[in-house]
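See structure below.
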There are 2 protein chains.
Amino acid sequence: MAVETIEQQLQAHGIHPTAARILVLQKLSELTHPVSMTELETELETMDKSTIFRTLNVLLEHHAIHSFEDGSGSTKYEICRCESTVCRVENRHIHFYCEECRRTFCIEDVKIPVVALPEGYRIETINYTVKGLCPECSKRKPIV
Amino acid sequence: MAVETIEQQLQAHGIHPTAARILVLQKLSELTHPVSMTELETELETMDKSTIFRTLNVLLEHHAIHSFEDGSGSTKYEICRCESTVCRVENRHIHFYCEECRRTFCIEDVKIPVVALPEGYRIETINYTVKGLCPECSKRKPIV
DNA sequence: TGTCAGTTTGCAACCGGGTTGCATGATGGG
DNA sequence: CCCATCATGCAACCCGGTTGCAAACTGACA
């Protein structure tokens, strides 16, 4: 993807660029790890929770960002770094949730394996999250 | 697995069989689809929410049942039908969540694809849930 | 069989993520 | 410049999940 401003990214996805949307997308593009709504709330103190909520939904609907559940109890959001405006599910990477330190990792190198479903199912998105111990915590904990 | 009573199943997993635990496991073994805590609550009217909650956790800890997040917002539970008392992740089937009718389907025939993670990660469990439209709803909705 | 410690359960209250209604504020087209 | 429309903040709410505590139960031992 060519270098472009946040505003251009929004417009490319057909989203009317407002201050809130620029700020949220900006923040998401800065962060190197997926964040929850609550984390965004603390990052963007000036912005109301409901605004963040609605902004994230707009970004999601227009496929400017992804969301997924990692089992931490709160949905995580991350910017979509696809070339095109539509991001195919097989291009998305998997995530790892550490049950010890409760951090969520992007495993950029590993893409979501796509299975074949029985006739009739229409796939919209796939959630592939591995849970366990991250390398750091794994070292500290003995093998059972 | 040989035919055995719910009580025996509990004991096989090292769980002290109490009335509540038998009822919950009983109910889970009857149901053919994964259920949320709330659904269990309505199924088992006599039992308190907190009891169900704690019971599910006991069953989970002892690997008598599985849980997973389907993106509906509430965790789903289903009985573990593995031969052995430990259920390997590659034997588990995937789930499909219909965004239209909000039902969760077991796709028994399709097992969770297991990926290789970078050095250091210790895998405990994998959540693989496909979201989209189920065959029924797919028929009713035009292709975009 | 009675007693006691440890376990299980129900009740009530709580927490926090997510969601909504409503009123105000910004925006862009005519 | 004005109005319709969209975006935002505020406050309240909903609901799944969680916890503290006291009462009920259970099982081991005397």
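Remember, predicted model here, so these are calculated numbers, not experimental data. In what follows, chains are A, B, ... by sequence order, proteins preceding strands, each numbered from 1.
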Are A:Val24 and A:Val58 linked, directly or through other ILVMFWY residues, by side chains that come within less than 4.5 angstrom of each other? yes
Any donor-acceptor N or O pair under 3.5 Å, side chains B:Thr129, A:Asn127: no
Once you round it to whole Å, what is the distance between P of C:dG25 and CG of A:Asp48? 15 Å
Separation of D:dG17 atom C1' from B:Ile52 atom CD1, nearest Å, is 12 Å
note: B:Ile22, atom CD1; D:dC25, atom P; distance rounded to Å ~ 16 Å
Select one nucleotide: of D:dG27, C:dG18, D:dG17, the one nearest the side-chain heavy atoms of A:Ser74. C:dG18
Considering only C:dG18, D:dT8, C:dT9, which nucleotide approaches the side chain of A:Phe53 most closely? C:dG18
Distance, rounded to the nearest Å, where B:Leu60 contributes CG and D:dG17 contributes P: 12 Å
Taking atom C1' of D:dT8 as reference, at what distance in whole Å does atom CG of A:Leu40 sit? 17 Å
Base of D:dC25, side chain of B:Thr18 - is there a donor-acceptor contact under 3.5 Å? no
If you measure from the Lys or Arg side-chain nitrogens to the Asp or Glu carboxylate oxygens, is any gap between B:Glu136 and B:Arg103 under 4.0 Å? yes
When you check the phosphate oxygens OP1 and OP2 of C:dT19, does a side-chain N or O of A:Ser50 lie under 4.0 Å from one of them? no
Closest to the B:Arg54 side chain, choosing from C:dG18, D:dG16, D:dG20: D:dG20
Rounded distance in Å - CD (B:Glu69) to P (C:dG17): 16 Å
Students often get this wrong, so: under 4.0 angstrom with heavy atoms, is B:Thr75 touching a base, only sugar-phosphate, or nothing? sugar-phosphate
Is a donor-acceptor contact shorter than 3.5 angstrom present between the side chain of B:Lys49 and the base of C:dG10? no
Gap between atom CG of A:Leu10 and atom CZ of A:Arg21 - 0.5 Å precision: 8.0 Å
Using atom CZ of A:Arg102 as one end and atom P of C:dG16 as the other, report the distance to the nearest whole Å. 13 Å
Pick the closest DNA chain D nucleotide for A:Thr46 and for B:Thr38 by heavy atoms, then say which residue is nearer the 5' end. A:Thr46
Within this structure, what is the CG-to-C1' distance between A:Asn57 and D:dC6, rounded to whole angstrom? 16 Å
Regarding B:Lys131 and A:Glu69, does a basic nitrogen lie under 4.0 Å from an acidic carboxylate oxygen? yes
When you get a sec, tell me which of D:dG9, C:dT9, C:dT19 is the closest nucleotide to the side chain of B:Arg21? C:dT9
